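Everything below concerns the one structure shown next.
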Amino acid sequence: MGYFRPAIEAMTGYVPGEQPPPGTPVIKLNTNENPYPPSPQAMAVLHSLDSEWLRRYPDPYGREVRQAVSQGLQVPEDWVIVTNGSDDLLNILIRACAEGHSRPVAYPTPTYVLYRTLAALQPAQVIEIPYPENYRLPLDELVAAQAAVTLIASPNSPSGHSVPVVDLGRLAQRLSGILAIDEAYVDFADTSALELVQQHANVLLLRTLSKGYGLAGLRLGFGLAQPELIAGLFKVKDSYTVDAVAMAVGAAALRDQAYKDQRAKQIKASRTRLIRELRRLGFTVPDSQGNFVLATVPMGSAQALTQALKQRGILVRYFNQPGLDDKLRITIGTEAQNQQLLEILQALLANAHSLN
Ligand SMILES: *Cc1c(COP(=O)(O)O)cnc(C)c1O
């Protein structure tokens, strides 16, 4: 007998983006972190915590975070589940709802690769439906799949497009399973599907503090859905996966919406400038609703360009898969970081022979 279940033997593990230790002198534009620090109010709470917070088990219900979410988004507290990042909630969702061929997982591609990994772990059958070139939601195909869990990232990564809320509403209406809308990048977008949670009992909205709030290292996320759905997910959640420090600091960050909004505004302004300048250098760059852009390289190989940038201290994300292998996903950095990226790109492209 092998050590592992056949599903584990057969799968490839998720490969996270490179995470150099803090203090490494790199410009890190590869995993969509916020380039700005978290709210000073959140940092003040972090510094005020004493040993009692570590001695005791954390609140398994995440009440302080639920309360902050409830106040910020005007939803009742029992419509909120608090998790160890939204990856934890994705894991809970798949474990709770998907299984084998009778309860498949469906999603349009390209999207967040973790969806496939989590389904493979379960294991649950995966139905991947490619987006058309214009990134319209493949509504009929997703409905035809009738998956136990349908996952839509909006804004989507790595494409950067948002799915219109009306399309998500139509999808929710026509699915008998759960529609999970992953809003990891909602803080940089013009729209949210929050209203669908009120309108549809099968909609789960996933949010995280990793991107908009600059707290990727803290590991805090939450889900919004009607109470029956939340209660089912709660059965699968381990009691103490969200630690006391994360909840206290995260709740403070959630209460400081003004700070988050101001940073998001800055990043969106930088996004506009970065897209314009990349286009000027010859990249093909669609508009983005996230804190990143997906840029098709004007010449040479995207992989070689990724390596050349890395040698010069800039990390970007390259996906070695069809449809993405001529593109770079670049996180929006600070103005100074974006400027440095542009200067190095310009120099590299001027020496295009070095990029093959
Ligand atoms: C970053 C990201 C997440 C993960 O967020 P965490 O809360 O850090 O686990 C989930 N979904 C998408 C689409 C993401 O890009």
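Start at 1 and go down the list; that is how both ligands and their atoms are numbered. Nothing here was measured: the structure is a model prediction, and the numbers come from that model.
Between Arg219 and ligand 1, at least one pair of N/O atoms sits closer than 3.5 Å.
Counting only N and O atoms by type, the side chains of Glu183 and Ser192 include a donor and acceptor under 3.5 Å apart. For the residue pair Asp256 / Ser39, a side-chain donor-acceptor distance below 3.5 Å is found, with atom types taken as modelled.
Counting protein heavy atoms only, atom 8 (O) of ligand 1 is closest to Ser210 OG, 2.6 Å. The shortest contact between atom 2 (C) of ligand 1 and any protein heavy atom is with Lys211 NZ, 2.5 Å. Regarding atom 7 (O) of ligand 1, its nearest protein heavy-atom neighbour is Thr208 OG1, 2.5 Å. At the shortest separation from atom 15 (O) of ligand 1 among protein heavy atoms lies Tyr185 OH, 2.6 Å.
Residue contacts with ligand 1 for Ser86 involve both N, CA, C or O and side-chain atoms from C-beta outward (heavy atoms, distance under 4.0 Å).
Counting heavy-atom neighbours within 6.0 Å of Glu133 CD, excluding the residue itself, gives a total of 12 or less.
Ligand 1 has at least one atom lying under 4.0 Å from a heavy atom of Asp182.
Within the cation-pi definition used here (under 6.0 Å to the ring centroid, within 45° of the axis), Arg207 does not qualify as a partner of Phe222.
Between Tyr107 and Tyr112, a ring centre-to-centre spacing not shorter than 6.0 Å is recorded.
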